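Okay, structure first, notes after.
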Amino acid sequence: MLRLHDTATGVVRPLELRDPGHASMYVCGLTVNDLPHIGHGRMALVFDVIRRYLVFSGLDVHHVSNVTDIDDRIIDRAVSEGRTEPEVAAEFEGAWWEAIDALGILRPDEAPHATAYVEGMVALVTDLVARGVAYQTSTGVYLDVEKIDGYGLLARQSLDSLRSGARVEVDPEKRSPLDFALWKTAKPGEPTWDSPFGPGRPGWHTECVVMSLDLLGDGFDLHGGAVDLIFPHHENERAQAVAEGRAFARHWVHNGWVMTGTEKMSKSLANFVTIAQLLEGTDSRAYRLLALRSQYRSQMQVTPETIADATSALDRLDRLAERFSVRPQPTLATVAISSDAGDAPDLVAAEVETFRAHMDDDLDTPGALAGIFDAAGRANALGDAGDTDAARALAETVGVLSAVLGIALGGRDSVVMDEETAGLVTERDAARASREWGRADDLRDALVERGFVVEDGPNGTTLRR
RNA sequence: GGCGGCGUGGCCGAGUGGUUUAGGCAGGGGCCUGCAAAGCCCCGUACGGCGGUUCGAUUCCGCCCGCCGCCUCCA
C-alpha cells in the first residue's frame with residue numbers, strides 16, 4: 001500500500017482509504033489569472049503520478065481539481081485590459097487545460113468552478129456565522145480563528161507564534177489579524193453575488209471546502225497542492241471544516257518548489273518559464289522525467305542543463321523501446337497489465353516488485369526510475385547476448401512501468417525522409433555493400449549535416465532524430 | 001522574531017550507522033563496428049566545517065558556516 005508523507009501529522013504513513021478499493025483525491029487547481037508556468041506543471045505532474053499509481057495498484061480513483069475563476073487578480077486584469085472577468089478566466093483556463101494535455105497529464109474526473117458553487121459557499125458562511133465562529137465587518141465576513149480547535153495544525157505552529165509572525169496589515173475591525181475572509185463585500189464595479197451579508201463574493205479559502213466535500217464527501221482521502229498552499233489556504237479550509245464539525249481530508253500531500261538556480265520560480269521574481277515556452281523546445285516527457293527524478297517534496301532544479309540531461313536520459317529509454325518494439329501502453333496502466341509477464345515471468349515480477357517498493361515509499365520516483373534504468377541496461381545486455389525473449393520481456397516491463405509514471409515509450413515518430421535524403425540512404429547502403437568506405441563515409445557526413453544520427457544495422461542504414 | 005527544509009563525486013539526484021554498488025547526464029578506457037553510431041563492460045573512490053556519542057558516522061547529537069522556503073497572494 002502506498003505510504004505518503006502527511007502534512008497534518010508530519011510523518012510518512014499509509015494512505016488509509018475511507019472506502020477500501022476507492023481513492024478520492026482533491027487537488028487544488030489554479031486561479032486562472034495568468035499563463036501556467038512549469039511550477040504549476042510540476043504540481044500537476046506529481047498528482048498525476050499519484051493518481052496513475054493508485055490506478056495501477058488496482059484502485060478506483062475519483063480525482064477532483066478545481067478552477068478558481070474569480071479573485072482579486074482576475075478582477076484587476078479584467079479592469080486593466082478592459083475585459084470582463086469571465087473572459088479573462090476563460091482565456092487562462094483554456095491555457096491551463098492545453099498545458100495539462102501537452103504534459104500528458106490526465107484531466108481530473110471533475111473540475112468544479114468556484115463561480116458555480118457560490119450558493120453552497122453562502123450557505124456555509126451563513127452557517128459559520130450562525131454557529132458563532134464567524135462575524136461580519138464592513139469589509140466582509142471573517143472566520144474567528146481563535147475559535148477553531150487545532151488552528152495551526154498544518155502550519156505546525158501554535159496560534160501564538162502564527163499571530164506574532166503575522167505580516168498582514170492591521171484591520172481594526174478584525175478580532176485577530178489571522179482571521180480570514182469568508183465573504184468579501186463588493187466594491188464598486190466588481191462582480192457580485194447576493195448573500196445575507198450583502199452583495200459580494202466568496203473568499204478563496206471557502207470554495208475548496210465546499211467543492212471537495214460536495215463532490216467527494218466527508219472524510220475524503222487525499223487533499224493536495226504545492227507547499228505554499230499549506231498556510232494559509234489549506235489551514236483555513238481545514239478550519240472551516242472543523243468549525244462545521246465535518247470530517248475533512250484524511251491525508252494532506254504537498255509538493256516542493258521548482259527552482260531555477262537558487263531562486264524559487266515565481267512571478268514576482270520574473271524568472272518563470274511558461275509550460276508553453278518550455279514545450280517549444282522540449283519533449284514533454286523529458287520534463288516529466290526531470291520532475292520525477294526528484295522526490296516530490298524536495299525542491300527541484302530546472303535549468304537548461306537539467307532539461308538537456310533529462311532529454312538524453314529519455315532518449316535512452318526510447319531507443320530501448322524501439323530496439324525491442326515495445327508495445328504502446330494504455331493511458332492508464334493497471335495491475336492486470338503488470339502481470340503480463342511474457343516469457344520471463346520471474347524477471348518481470350522482480351522489476352515490478354522493486355518498482356512498487358519504491359513507489360509505496362512516499363512516492364520514491366527517483367528510486368523507481370533508477371530501477372527502470374537498471375532494467376533497461378539489463379534488457380540491452382540480454383539482447384546483446386542473444387537472449388531475445390528475456391530482453392523483450394524486460395523491455396516490455398520498462399515500457400509498462402514508464403507508462404505508470406506517465407511516460408509513454410516508443411511513441412516517437414519515425415524519421416520522415418524527403419526524397420533526397422532517402423536517396424542518400426540508398427546510395428550509402430549500396431556503397432557499403434560494395435565496400436566503398438570512403439564514399440559511404442562521405443554520404444554519412446552529408447546525412448549528419450542534415451541533422452540525422454546515422455546508425456548501421458543488419459538492415460542497412462537507419463536514421464534518428 | 002517564529003517555524004521548517006537543505007548542503008552527497010564535473011552536473012542532476014537517491015540512500016544508509018560498518019560486508020558490493022543508487023540511478024541518470026557528462027568524461028576516460030575497453031568490447032563490438034570497415035570506421036562510426038547505438039549497445040555492453042570497467043573507471044574516477046563523494047558525502048559543508050568543528051566537536052561529541054560509538055569498536056566504527058556521510059548516516060545519530062551539539063555548535064558553526066552557507067543556501068532555500070513558509071509566517072501576505074502564490075503550484
Side-chain angles (χ1 to χ4, degrees), chain A residues 10 27-31 33-34 36-47 71-73 152 155-158 160-169 177-178 180 204 224-233 235 254-259 261-268 272 289-290 293-295 297-303 305-317 319-320 322-323 358 361 364-374 376-385 432 435-438 440-441 444-445 448 452-457 461-464:
Chain A
V27 179
C28 272
L30 292 205
T31 299
N33 60 11
D34 206 342
H37 60 66
I38 61 181
H40 302 123
R42 181 192 192 186
M43 179 278 292
L45 240 17
V46 164
F47 289 98
D71 92 323
D72 292 350
R73 288 163 301 163
R156 304 192 71 73
Q157 288 201 64
S158 68
D160 278 347
S161 79
L162 281 169
R163 199 186 292 112
S164 66
R167 291 184 282 167
V168 289
E169 283 178 48
L178 294 172
F180 59 91
W204 179 37
V227 283
D228 53 328
L229 296 187
I230 294 172
F231 192 92
H233 186 53
E235 188 76 56
H254 295 97
N255 66 280
W257 291 109
V258 165
M259 307 289 287
T262 58
E263 286 184 323
K264 153 191 170 183
M265 179 168 293
S266 74
K267 286 170 189 169
S268 56
F272 67 93
L289 181 61
L290 177 58
R293 259 183 359 178
S294 313
Q295 213 272 345
R297 284 192 285 136
S298 58
Q299 296 180 345
M300 131 190 197
Q301 278 300 333
V302 178
T303 63
E305 290 74 28
T306 61
I307 290 171
D309 184 314
T311 302
S312 297
L314 173 66
D315 208 38
R316 191 163 133 76
L317 295 181
R319 282 195 297 262
L320 175 81
E322 282 159 16
R323 176 178 181 182
H358 283 296
D361 180 18
D364 176 16
T365 53
L369 281 167
I372 287 174
F373 276 96
D374 192 61
R378 280 182 291 119
N380 275 320
L382 285 166
D384 288 354
R432 291 189 67 236
R435 310 180 68 80
E436 297 170 61
W437 306 128
D441 289 348
R444 174 165 54 205
D445 290 345
V448 169
F452 296 104
V453 175
V454 180
E455 294 186 358
D456 298 329
T461 295
T462 55
L463 301 182
R464 289 193 294 115

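Lettering follows sequence order; numbering is per chain, from 1. None of these values were measured; they are calculated from a predicted model.
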- Nearest-Å distance once atom P is located in both B:rG5 and B:rA75: 24 Å
- Query: A:D456 near the nucleic acid: base, sugar-phosphate alone, or nothing, with a heavy-atom cut-off under 4.0 Å?
  - Reply: base
- Item | P spacing across the pair B:rU59 / B:rG48, given as an integer number of angstrom | 8 Å
- Message: Both A:R156 and A:W437 contact RNA chain B. Which one's nearest nucleotide lies toward the 5' end?
- Response: A:R156
- Ignoring hydrogens and angles, does a donor from either the side chain of A:D374 or the base of B:rG23 sit under 3.5 Å from an acceptor on the other? no
- Check every atom of B:rA75, B:rC40, B:rA14 against the side chain of A:D384 and return the nucleotide holding the closest atom. B:rC40
- Task: Identify whether a stacking contact exists between A:F373 and B:rG23, where the ring centres must be under 5.5 Å apart and the planes under 30° apart.
- Result: no
- Message: Below the 4.0 Å mark, does B:rA14 have OP1 or OP2 next to a side-chain nitrogen or oxygen of A:S298?
- Response: yes
- Message: Let's see if you can work this out: which of B:rA26, B:rG34, B:rC40 has an atom nearest to the side-chain heavy atoms of A:A440?
- Response: B:rG34
- Query: Nearest to the side chain of A:L162 - B:rC71, B:rA22, B:rA75?
  - Reply: B:rC71
- Query: Can a side chain N or O of A:N255 be found less than 4.0 Å away from OP1 or OP2 on B:rA75?
  - Reply: no
- Non-hydrogen atoms of A:V258 and A:G39 that approach each other most closely: CG2-CA, 3.7 Å
- Message: Taking any heavy-atom pair under 4.0 Å as a contact, classify A:V454: base, sugar-phosphate, or nothing.
- Response: base
- Phosphate-side-chain proximity, A:R464 and B:rA37, N/O vs OP1/OP2 below 4.0 Å: no
- Task: Using heavy atoms to find the nearest nucleotide of RNA chain B for A:V258 and A:P177 separately, return the residue whose nucleotide is more 5′.
- Result: A:P177
- Task: Consider only side-chain N and O atoms of A:T303 and A:E305, and report whether a donor and an acceptor are under 3.5 Å apart.
- Result: yes
- For A:L289, report the nucleic acid contact type (base, sugar-phosphate, nothing); a contact means any heavy atom under 4.0 Å. nothing
- C1' spacing across the pair B:rU58 / B:rG69, given as an integer number of angstrom: 25 Å
- State which of B:rG39, B:rA75, B:rA22 makes the closest approach to the side chain of A:R323. B:rG39
- What about A:R316: does its side chain form a donor-acceptor pair under 3.5 Å with the base of B:rC25? no
- Query: Which of these nucleotides, B:rC73, B:rA37, B:rA75, is closest to any side-chain atom of A:T31?
  - Reply: B:rA75
- Note on the structure: Of the candidates B:rG2, B:rC73, B:rA75, the side chain of A:R73 sits closest to B:rC73
- Task: Establish whether the base of B:rG23 is bridged to the side chain of A:R293 by a donor-acceptor pair shorter than 3.5 Å.
- Result: no
- Query: Within the modelled atom types, does a donor on one side and an acceptor on the other bring the side chain of A:D160 and the base of B:rG2 under 3.5 Å apart?
  - Reply: no
- Message: Taking the C1' atom in each of B:rC40 and B:rU45, what is the distance between them to the nearest angstrom?
- Response: 23 Å
- Write down the distance separating the C1' atoms in B:rG28 and B:rC70, rounded off to the nearest Å. 45 Å
- Query: Between B:rC35, B:rG39, B:rA14, which nucleotide gets closest to the side-chain atoms of A:R432?
  - Reply: B:rC35
- Hey, does A:Q301 reach any base, or is it just sugar-phosphate, or nothing, if we go heavy atoms under 4.0 Å? sugar-phosphate
- Item | Out of B:rC68, B:rA75, B:rG39, whichever nucleotide has its closest atom nearest the side chain of A:Q299 | B:rC68
- If you check every side-chain atom of A:M259, which of B:rA14, B:rA36, B:rC68 has the closest atom? B:rC68
- Task: Rounded to whole angstrom, note down the C1' distance from B:rG62 over to B:rC68.
- Result: 23 Å
- Task: Using only heavy-atom distances, decide whether a donor-acceptor pair under 3.5 angstrom links the side-chain of A:R444 to the base of B:rA36.
- Result: yes
- Query: Of the nucleotides B:rC25, B:rA75, B:rC70, which one has an atom closest to the side chain of A:M265?
  - Reply: B:rA75
- Stem regions touching RNA chain B, defined by at least 3 consecutive Watson-Crick or wobble G-U pairs below 3.5 angstrom: B:1-7 with B:65-71, B:10-12 with B:23-25, B:27-31 with B:39-43, B:48-52 with B:60-64
- Gap in Å between the two C1' atoms, one belonging to B:rC31 and one to B:rC67, rounded: 45 Å
- Looking only at atom C1', what distance separates B:rC3 and B:rA46, rounded to whole Å? 32 Å
